[in-house]
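As the structure is a computational prediction, the values presented were derived from the model and not from experiment.
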Amino acid sequence: GGLRYFHDKVGIESLTDFNLEALPIPLRQQTFDKITGRAVVAFKAQPDFMLYASYSTGFRSGYFQSISTARVAPNFPNVRPDSITNYEAGTKGRLFDGVLIYEAAIYFMDWKGIQQILRVPEGFNARINAGG
């Protein structure tokens, strides 16, 4: 098993745009903290046969919209963090004195707040949080 600690500080600031015109986007910062983990259990029932199960969590920080998107759609929300929980169970083994080696697994991923790209009507890409 194991744990990971994330501390991610993101920011955005712009003084000019593509045409060197002033942009009213002062420095904005946000910090994301998260602890994620993983646990695996395995049972070697015979020398050539093993069963296992694992559980893990993941995290991706949120972030601000791009300067271009913020200029044409200033009220478009920033991207929130997304998260994932993974479940897996499987078996590994050898048959016929090692002539055939196999692995088989089933898994399920519960992904929430998926970060995706959306084309806004003004012609820029924006990032959004979709469903799960």
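- D8 is not listed as a side-chain neighbour of F59, based on a closest heavy-atom distance of 4.5 Å or more.
- Residues Q30 and F32 form a side-chain contact, since some pair of their non-hydrogen atoms from C-beta on lies under 4.5 Å apart.
- For the residue pair S66 and N125, the shortest heavy atom distance occurs at OG-O, 4.3 Å.
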Determine whether Q29 and V10 satisfy the following criterion, side chain to side chain contact (heavy atoms under 4.5 Å, CB included), listing intermediate values before the conclusion. CA-CA 6 Å; Q29 293 181 333; V10 297; over 6 Å; no

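- Clustering ILVMFWY residues whenever any of their side-chain heavy atoms sit less than 4.5 angstrom apart, transitively, puts Y5 in the very cluster that holds L3.
- Placement of V41 and Y55 in two distinct hydrophobic clusters is found when ILVMFWY residues are connected by side-chain heavy-atom separations under 4.5 Å, directly or transitively.
- Y107 is connected to W111 through a chain of hydrophobic side-chain contacts under 4.5 Å among Ile, Leu, Val, Met, Phe, Trp and Tyr, so both are in one cluster.
- Separation of atoms CG (N129) and CG (D82) is listed at 7.0 Å; rounding is to 0.5 Å.
- Across all their heavy atoms, Q115 and R60 have their closest contact at OE1-NE, 3.3 Å.
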Contacts under 3.5 angstrom, residues 87-102 side chains, donor-acceptor by atom type, not counting sequence neighbours:
{"unit_1": "E88", "atom_1": "OE2", "unit_2": "Y52", "atom_2": "OH", "d": "2.8"}
{"unit_1": "T91", "atom_1": "OG1", "unit_2": "M50", "atom_2": "O", "d": "3.0"}
{"unit_1": "R94", "atom_1": "NE", "unit_2": "D48", "atom_2": "OD1", "d": "3.2"}
{"unit_1": "R94", "atom_1": "NH2", "unit_2": "D48", "atom_2": "OD1", "d": "2.8"}

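- At a cut-off of 3.5 Å, with distance as the only test, no side-chain donor of T85 or D110 sits close to an acceptor on the other residue.
- Atom OG1 of residue T57 and atom CZ of residue R4 lie 8.0 Å apart, to the nearest 0.5 angstrom.
- Here the straight-line distance linking atom NZ of K9 with atom OG of S61 works out to 13.5 Å at 0.5 Å rounding.
- Residues that satisfy the side-chain hydrogen bond (donor to acceptor under 3.5 Å, both in side chains) test with R127, not counting sequence neighbours, are Y63.
- Side-chain contact between Q65 and V79: present, with at least one pair of heavy atoms (C-beta onward) separated by less than 4.5 Å.
- To the nearest 0.5 Å, atom CD1 of residue I128 and atom CG of residue N78 are 13.5 Å apart.
- Both F64 and F6 belong to a common hydrophobic cluster when Ile, Leu, Val, Met, Phe, Trp and Tyr are linked at side-chain heavy-atom distances under 4.5 angstrom.
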